[in-house]
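Structure first, then comments.
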Amino acid sequence: MDVSETEKVVMRFAPNPNGPPTLGSTRGIVVNSEYVKRYGGKFIIRFDDTDPQTKRPMLEAYDWYIQDCEWLDAKPDRVVLASDNIETYYKYAEQLIEMDKAYVCFCEGSEFKQYKDSKEPCPHRDISPESNLDNWEKMIDGEYDEKEAVLRIKTDIQHPDPALRDFGAFRIVKTPHPRPEISDRYVVWPLLDFEGAIEDHELGMTHIIRGKDLMDSEKRQKYIYDYLGWEYPKTTHWGRIKIHELGSFSTSQIRKDIEDGVYEDWADPKLPTLRAFRRRGIQPEAIRKFMIDMGVGETDISVSLDSLYAENRKVIDPIANRYFYVWDPVEMSIEDGPDDIIVNPALHPFEKRGTRDIQVGSSIYICSDDLNLIKIGDKVRLKDLYNVEIMSIEPLVGRYIGDSVDDIKKQKMRIIHWCSLNGVDVTVRSPDKEFKGICEPGILNELGKVVQFERFAFCRVDTIEPEIIAYYTHK
RNA sequence: GCUCCGAUAGUGUAGUCAGGCCAAUCAUUCCGGCCUUUCGAGCCGAAGACUCGGGUUCGAAUCCCGAUCGGAGCACCA
């Protein structure tokens, strides 16, 4: 993107708050805010909430966006709600009508399309500004039904690109807006091209980055800018982003699936919402890095979450305490073992953060996955505890054969983890499945934190009461 | 149908505007090795790309034309 070194920028992220931010919105938040950080200037979040019907805003989502922006270290300098500025849009609409650059059209949708496709002006195109103004007043006053009338911007009805011929600027929607302070105050609502054009100018936008699906939108908006004598911001576009592991999602589809119980809520670990990533323990810095590395190409891309996880690992590896988590536990009794000892493995392999003290009696749990790999007579190392020889599988019995770490190296013993009988039940939810297992009691101190369950994965401890639930972050 | 846009390793990405310093950058992934009382990390090594065809030029990933493939718009959605 073309920004001169000394220039201050004003950029925005303009979502429709009809659901929570997803990984897709994140790109808009991170990239725009990053430019502002880099060049100095202002970052604005503008809610394009001018469709009370088809993409009806969710009241809670306004705050969700702002929270998620802050979480991503992209606190907006200013928050704007398009639905607050309807009068402004009306003002400019009126001006354009007076200039004979806009007209009220009474064609039915398909009817107008026919005119447009054959490059013919529709019968309403040549109505005088005075009558148009009149009809416009009636529109605003609610004298027409939905779909009966629409305000169009005059462009060039013969333009080679059909997408640019006399586009709609306002339509009638009688569904009240979800915001109580707006509600049924307006029945005429602007369409994106108009609303965005006016707002971008009013807010002094210098640069715009948006999806390439809006490329034609820009060309339409330029008509408005030309008519009003304004200068259009510099623009760049990016292509569609598809996540390998998650596929494509639409906010409205997710909303429906939540209602139908396919997903638990907006933070379901299967979903690409920011809330879901946060619950899983993905760190904002990692997301920023991931998005910035992706750049702003116009090519459609299909990215793998592996890169995001790799970035996240760099962030959480030094801070995540280590614990033993035994999924699908199987009890093993120990013969000839020392009674009631306390071992104290380090909380972290290279950061000095103390130890976790585990009391061990005459039996322990191990993973059934590990059990499947061993047979009678095998010697295994119980990590940070001692070495045992497997005496029997059914029931599972191990005999204590010493503590020596050297032995395991010489004999290339398998090293497995374990859990004492006083462990606590922990459920781990991953995008694909749910694990049930037992963890050291120390996990009770880790509410809200990301830990590493050794030989399993990084997880974020989400709840302690009434049961312990952790979300799977990644390997 | 009409219009617009894009194409560099498995996946992203730098380089393309101002042609030579690009036998092409970085990250991730995969594979091998070292280290490590888990996993991961770390370290070392390896593999892997300029969509195709013409043209301009002493010289093209870079400029031009065409083809192919992919995407988007033509909504009273954003």
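Fair warning: this is a prediction, and the values are worked out from it, not measured in the lab. We name chains A, B, ... by the order of the sequence lines, and we start the count at 1 in each one.
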Item to check | Nucleic acid contacts - residues 25-34 of chain A versus RNA chain B, non-hydrogen atoms under 4.0 Å | outcome: none
Item to check | Members of residues 152-163 of chain A that approach RNA chain B, where some heavy atom sits under 4.0 Å away | outcome: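 Those residues whose heavy atoms fall under 4.0 Å from RNA chain B, taken from residues 152-163 of chain A in numerical order, are A:R152, A:P160, A:D161, A:P162, A:A163.
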Item to check | Residues in ring pair (Phe, Tyr, Trp, His ring centres under 6.0 Å) contact with A:H201, at least two apart in sequence or another chain | outcome: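 By the ring pair (Phe, Tyr, Trp, His ring centres under 6.0 Å) rule, A:H201 matches A:W230.
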Checklist outcome for this item: For A:W238, the ring pair (Phe, Tyr, Trp, His ring centres under 6.0 Å) test, sequence neighbours excluded, returns none
Under the rule for side-chain hydrogen bond (donor to acceptor under 3.5 Å, both in side chains), what residues qualify as partners of [X], not counting sequence neighbours?
| X | result |
| --- | --- |
| A:S420 | A:N422 |
| A:R185 | none |
| A:D403 | A:Y400 |

Checklist entry - Say you pick atom C1' in B:G20 and the same atom in B:C30; how far apart are they, in whole Å? => result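 The answer is 35 Å between these two C1' atoms.
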Item to check | Separation of the C1' atoms in B:U8 and B:U13, to the nearest angstrom | outcome: 9 Å
Next on the checklist: On RNA chain B, compare the nucleotides closest to A:L191 and A:R165; which residue's is nearer the 5' end?
Outcome noted: A:R165
Checklist entry - A:R220 or A:F106: which one's nearest nucleotide on RNA chain B is closer to the 5' end? => result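 Residue closer to the 5' terminus by nearest nucleotide: A:R220.
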Checklist entry - Excluding sequence neighbours, so at least two apart, what forms salt bridge (charged side-chain N to carboxylate O under 4.0 Å, His left out) with A:R125? => result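 So A:R125 forms a salt bridge (charged side-chain N to carboxylate O under 4.0 Å, His left out) with A:D166.
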Item to check | Contacts of A:R313 that satisfy salt bridge (charged side-chain N to carboxylate O under 4.0 Å, His left out) - sequence neighbours left out | outcome: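 Salt bridge (charged side-chain N to carboxylate O under 4.0 Å, His left out) list for A:R313, sorted by chain: empty.
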Minimum-distance nucleotide (side-chain atoms of [X] versus [options]):
| X | options | value |
| --- | --- | --- |
| A:K212 | B:G71, B:U37, B:G73 | B:G71 |
| A:K55 | B:G70, B:U11, B:A78 | B:A78 |
| A:R240 | B:A72, B:C76, B:A78 | B:A72 |
| A:E311 | B:A75, B:C76, B:A27 | B:A27 |
| A:T54 | B:G12, B:C77, B:G73 | B:C77 |
| A:R171 | B:A72, B:U37, B:C76 | B:C76 |
| A:M294 | B:G73, B:U37, B:G12 | B:G12 |
| A:T299 | B:U37, B:A78, B:A7 | B:A7 |

Item to check | Over-ring placement of A:K433 relative to A:F435, 6.0 Å and 45° cut-offs | outcome: yes
Item to check | Row check, A:F324 ring normal vs A:R356 NZ/CZ: under 6.0 Å, within 45° | outcome: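 Cation-pi check for A:R356 and A:F324: passes.
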Next on the checklist: Protein within reach of the bases, or only the backbone? For nucleotides 39-51 of chain B, mark each nucleotide 5' to 3' as B, S or -, using heavy atoms under 4.0 Å.
Outcome noted: BB-----------
When the side chains of residues 23-31 of chain A are checked against the rest of the protein, which donor-acceptor pairs come out under 3.5 Å, sequence neighbours left out?
residue : atom : partner : partner atom : Å
A:S25   : OG   : A:T22   : N            : 2.8
A:S25   : OG   : A:T22   : O            : 3.3
A:S25   : OG   : A:T22   : OG1          : 3.3
A:T26   : OG1  : A:T22   : O            : 2.7
A:R27   : NH1  : A:G239  : O            : 3.2
A:R27   : NH2  : A:G295  : O            : 3.1

Next on the checklist: Which helical stems does RNA chain B take part in, if a stem means at least 3 consecutive Watson-Crick or G-U pairs with both distances below 3.5 Å?
Outcome noted: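 Ordered by first number, the stems with RNA chain B (at least 3 consecutive pairs each) read B:1-7 with B:68-74, B:10-12 with B:26-28, B:31-34 with B:42-45, B:51-55 with B:63-67.
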